[in-house]
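Comments concern the structure below.
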Number of protein chains: 2
Amino acid sequence: MDQVQLFNDYLRCKGLKTTSQRLIILETFLDSDCHFSTEELYLKLRTEYPKIGYATVHRTLKLFAECGIAAERNFGDGQARYEPIHGEEHHDHLVCTECGLILEFEEPQIEKLQESVAAAHNFTIDNHRLELYGLCASCAATAN
Amino acid sequence: MDQVQLFNDYLRCKGLKTTSQRLIILETFLDSDCHFSTEELYLKLRTEYPKIGYATVHRTLKLFAECGIAAERNFGDGQARYEPIHGEEHHDHLVCTECGLILEFEEPQIEKLQESVAAAHNFTIDNHRLELYGLCASCAATAN
DNA sequence: CGCGAAATTGAAAACGATTTTCAGAAAAAT
DNA sequence: ATTTTTCTGAAAATCGTTTTCAATTTCGCG
């Protein structure tokens, strides 16, 4: 299903309202498919829509996370980031500690091993996070 | 090598000073082998050493992380946690989202798969974090 | 349509964790 | 012992996030 439709349905069923701000934020968020912090998205929006406030961006990103349009991530730089979910498989991240590049990857075998680890400890897994931190190819090449 | 020795050596080589507060904090930190937030360790220390300030605990935990005595972790509850490193293998965590229980596990096969993923993307891995979130056995049993 | 209840907005204030400041105290060097 | 340097603790500053509140907008209903 279309993301915008999904968002509207979510708003409807929660008794929330469709506003121009929410649609603008959704569109901008989906268009540039990267890992936004609230601040970054706010600044990007501000160039074209200077009236949209920081609080609205923040609240709207939370909404996206609630309805499954976005996932909240934290890569240890002290601010939350949101990335669009397009219904694809769960994925994890490679993060370059030098330039901030973020790559995504999937590794079903790792997922399976996680399940068996959890089972061994009688845990029921809801979700997980896996991040690999290091240097990307170009930063490793330029390394001092 | 003994952790206290290691800490003293680190202080020496950095031109820092050995103080009674630092030694007390180190001892308390190592003794109770769990995942402290700054707040928690501060509160625990305060019962026996009411004169030690929050800022000192915070600064000392950062020092531990710097010299490799502790690792800083973040389990998404909004505060940093520190755990002692005893030179053992790297381990990852199972976190119960209900009661906050934290279990540690090691899974060399996952580590290997991570290496191959990184290699496939020309990344050089410095470190990683893997956390599995869900319900522990007893919380799952009591589930509403 | 247009009214009215209910939700939303943006600016500013509040918040919680972390970090810094600063004057006095303590530790190491001389 | 004296000097220099670092450390401490309390309080203030900072940073990202969240809430408050009055004014505005949306939307169901007549």
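From a predicted model like this one, the values you see are computed outputs, not experimental measurements. First the proteins, then the strands, lettered A, B, ... as listed; each starts at 1.
Remark: B:Ser20 is not in phosphate contact with C:dA26, judged by side-chain N or O atoms under 4.0 Å from OP1 or OP2. The side chain of B:Thr56 places no N or O atom within less than 4.0 Å of a non-bridging phosphate oxygen (OP1 or OP2) of D:dC7. Remark: B:Gln21 is not in phosphate contact with C:dA26, judged by side-chain N or O atoms under 4.0 Å from OP1 or OP2. For A:Thr19, no side-chain nitrogen or oxygen approaches OP1 or OP2 of C:dT8 to under 4.0 Å. The side chain of A:His58 contributes no N or O atom lying less than 4.0 Å from OP1 or OP2 of D:dT17.
Under the 3.5 Å distance criterion, with hydrogens and angles disregarded, no donor-acceptor pair is assigned to the side chains of A:His128 and A:Glu115.
Counting to the nearest Å, the C1' atom of C:dT8 and the OH atom of A:Tyr54 are 18 Å from each other. Between B:Tyr42 atom OH and D:dA10 atom P there is a gap of 7 Å when expressed in whole angstrom units. The distance between atom NZ of A:Lys51 and atom C1' of D:dT25, rounded to the nearest whole Å, is 13 Å. If you measure from atom CG of B:Leu16 to atom C1' of C:dA26, you get 14 Å, rounded to the nearest angstrom. When rounded to the nearest whole Å, the span between CD1 of A:Ile24 and C1' of C:dT9 equals 13 Å. Between the CD atom of B:Glu40 and the P atom of C:dA17 there is a distance of 11 Å, given to the nearest Å. Distance A:Asp77 CG to C:dT18 P: 15 Å, rounded to the nearest Å. Between the C1' atom of D:dT6 and the CG atom of B:Leu11 lies a distance of 11 Å, rounded to the nearest Å.
Across all strands, A:Glu39 comes closer than 4.0 Å to no nucleic acid atom at all (heavy-atom distances). Counting any heavy atom pair closer than 4.0 Å across all strands shown, B:Ser37 reaches no nucleic acid atom. Using a 4.0 Å heavy-atom distance criterion, B:Arg59 is classed as a base contact. Contacts of B:Lys14 with the nucleic acid, taken as non-hydrogen atoms under 4.0 Å apart, are absent.
The B:Ala55 side chain lies nearest to C:dT20 when the options are C:dT20, C:dA12, C:dT9. Ranking C:dA5, D:dT18, C:dT18 by closeness to the A:Lys17 side chain, first place goes to C:dA5.
A:Arg129 and A:Glu131 are joined by a salt bridge, as a carboxylate oxygen and a charged side-chain nitrogen come within less than 4.0 angstrom of each other.
Under the 30°/60° scheme for interplanar angles, the aromatic rings of B:His35 and B:His93 are found to stand perpendicular.
Atom CG in A:Leu16 sits 8.5 Å away from atom CZ in A:Phe7 (nearest 0.5 Å).
For the side-chain hydrogen bond (donor to acceptor under 3.5 Å, both in side chains) test with B:Gln5, the passing option among B:Asp2, B:Asn8, B:Asp9 is B:Asp9; the others fail.
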